[in-house]
**Student:** 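What follows is a structure written as structure tokens; I'll ask about it next.
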Amino acid sequence: MQIIAEKLVTSLVTLPTLTNWLEGFFFLLIYAAIVLPIGFITEFIHCSWQRSPKLIIKIILTSLFTPAILEEIFFRVILLPSPIVETTANTLYCWIIVSLVLFIIYHPLNALTFFPAGRKTFFQPVFLFSAGLLGFINSISYLTSGSIWQAIFIHWIIVIIWLIFLGGYEKITPV
């Protein structure tokens, strides 16, 4: 438990460098270049705008805590090796795969248990692929920067854009 606490504190107090932020922006571009065409072709996403300022503020604030902060702390900080401790490549790859598989499986399980409004969406292959790509990008982001803030930011921005501009809110809101 002490190791997890130390990893958490280290990931929170380590701030991304300018280079890390530029890499994070590059990761966002890669994510968008892959997910947007697939999302539009499969009609999983569509241009949409949440016009209520109150709803937009709610989405922005709640998305920061869950999913961004909670999921990134668990699936990156707790499950992955510490970026400041030397680890063999094989060990690192294994933990990235474990974290990624659990991150993907977590979404349908979450829909079956705590978030039933996500049942229809969280089982769709395009959503699971998008979540997997996000998990992979954020694993690389965390491991290269040593900071969880960059992964939280990437996760948060992607969720906000999906919910506010790309029809995501309609997909996970009970009718």
Side-chain angles (χ1 to χ4, degrees), residues 1-32 34-35 58-119 121-125 127-163 168 172:
M1 196 64 166
Q2 182 179 351
I3 292 171
I4 292 173
E6 288 173 5
K7 283 176 32 176
L8 179 59
V9 169
T10 300
S11 74
L12 291 170
V13 299
T14 302
L15 299 177
T17 65
L18 178 59
T19 302
N20 295 139
W21 285 116
L22 292 173
E23 290 169 351
F25 180 71
F26 183 68
F27 292 150
L28 282 170
L29 290 177
I30 291 171
Y31 183 87
I34 295 170
V35 170
K58 178 184 172 189
I59 289 170
I60 289 169
L61 293 176
T62 58
S63 296
L64 176 61
F65 295 100
T66 184
I69 290 175
L70 292 177
E71 289 181 11
E72 292 309 316
I73 285 174
F74 182 77
F75 291 103
R76 267 30 98 192
V77 177
I78 293 175
L79 292 182
L80 294 176
S82 173
I84 62 172
V85 174
E86 193 165 325
T87 307
T88 66
N90 285 341
T91 300
L92 187 60
Y93 298 144
C94 285
W95 279 110
I96 289 172
I97 291 168
V98 166
S99 171
L100 190 55
V101 168
L102 291 175
F103 185 67
I104 294 168
I105 292 171
Y106 158 80
H107 288 87
L109 290 177
N110 187 28
L112 289 173
T113 55
F114 301 108
F115 191 61
R119 283 188 183 159
T121 302
F122 289 4
F123 281 88
Q124 291 186 19
F127 176 85
L128 295 173
F129 171 79
S130 301
L133 183 58
L134 173 63
F136 178 74
I137 285 172
N138 278 348
S139 293
I140 302 304
S141 172
Y142 168 64
L143 292 169
T144 58
S145 71
S147 173
I148 197 58
W149 294 112
Q150 185 175 341
I152 288 170
F153 180 77
I154 292 169
H155 196 147
W156 185 44
I157 291 299
I158 288 170
V159 169
I160 288 170
I161 291 170
W162 179 58
L163 291 174
I172 62 166

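For the single chain, residues carry numbers from 1 onward in sequence order.
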**Student:** Any chance you could measure I104, atom CD1, to F127, atom CZ, to the nearest 0.5 Å?
**Tutor:**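 Answer rounded to 0.5 Å: 10.5 Å.
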**Student:** Compare every heavy atom of Y31 with every heavy atom of L134, then report the nearest pair and how far apart it is.
**Tutor:**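 Of all heavy-atom pairs spanning L134 and Y31, the closest is N-CE1, 3.7 Å.
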**Student:** We want to know whether N138 and S141 form a side-chain donor-acceptor pair, criterion being a heavy-atom distance below 3.5 angstrom.
**Tutor:** no
**Student:** How about CZ on F25, more than 12 heavy atoms from neighbouring residues, nucleotides or ligands closer than 6.0 Å, or not?
**Tutor:**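 Counting other residues, nucleotides and ligands, CZ of F25 stays at 12 neighbours or fewer.
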**Student:** Starting at CG of L128, measure out to CZ of F103 and round the result to the nearest 0.5 Å.
**Tutor:** 10.5 Å
**Student:** With ring centroids as reference points, do Y106 and F74 lie under 6.0 angstrom apart?
**Tutor:** no
**Student:** Heavy atoms, side chains only, cut-off 4.5 Å: are W149 and E72 in contact?
**Tutor:** no
**Student:** In Å, rounded to the nearest 0.5 Å, how long is the span from OG1 of T88 to CD of E86?
**Tutor:**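 Answer for the OG1-CD pair, T88 versus E86, is 9.5 Å.
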**Student:** Take a 6.0 Å sphere around CH2 of W21 and say whether it holds more than 12 heavy atoms from other residues, nucleotides or ligands.
**Tutor:**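 Yes, enclosed.
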**Student:** What are the two closest non-hydrogen atoms of G146 and T14, and how far apart are they?
**Tutor:** O-CB, 3.6 Å
**Student:** Distance check, rounded to the nearest 0.5 Å: I140 atom CD1 versus S145 atom OG?
**Tutor:**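 The CD1 atom of I140 sits 11.0 Å away from the OG atom of S145.
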**Student:** Are side-chain heavy atoms of L163 and I172 found at a separation under 4.5 Å?
**Tutor:** yes
**Student:** Would I154 and I158 count as a side chain to side chain contact (heavy atoms under 4.5 Å, CB included) here? Give the steps.
**Tutor:** CA-CA 6 Å; I154 292 169; I158 288 170; 3.8 Å; yes
**Student:** Counting only N and O atoms by type, is there a donor-acceptor contact under 3.5 Å from the side chain of S99 to the main-chain atoms of F75?
**Tutor:** yes
**Student:** Taking S63 for its side chain and I60 for its backbone only, find out whether a donor-acceptor pair lies under 3.5 Å.
**Tutor:** no
**Student:** Are L64 and I152 close enough that some pair of their side-chain heavy atoms sits under 4.5 Å apart?
**Tutor:** yes
**Student:** Quick one: does any side-chain atom of N20 pair with a main-chain N or O of T17 as donor and acceptor, under 3.5 Å?
**Tutor:** yes
**Student:** Taking everything shown except F115 itself, do over 12 heavy atoms lie less than 6.0 Å from its CZ?
**Tutor:**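 Yes, the 6.0 Å shell around CZ holds more than 12 heavy atoms from other groups.
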**Student:** Where do V35 and S130 come nearest, in terms of heavy atoms and distance?
**Tutor:** CG1-OG, 3.5 Å
**Student:** To check you understand the geometry: which heavy-atom pair defines the closest contact between S82 and Y142, and what is its length?
**Tutor:** CA-OH, 4.4 Å
**Student:** May I have the step-by-step check of side chain to side chain contact (heavy atoms under 4.5 Å, CB included) for K7 and I78, ending in yes or no?
**Tutor:** CA-CA 7 Å; K7 283 176 32 176; I78 293 175; 5.6 Å; no
**Student:** If you count every heavy atom of other residues, nucleotides or ligands that lies below 6.0 Å from I3 atom CD1, does the total exceed 12?
**Tutor:** no
**Student:** From I96 CD1 over to R76 CZ, what is the distance, rounded to the nearest 0.5 angstrom?
**Tutor:**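 I96 CD1 to R76 CZ: 10.0 Å, rounded to 0.5 Å.
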**Student:** Hey, could you give me the CG/CD distance between L22 and Q150, rounded to the nearest 0.5 Å?
**Tutor:** 9.5 Å
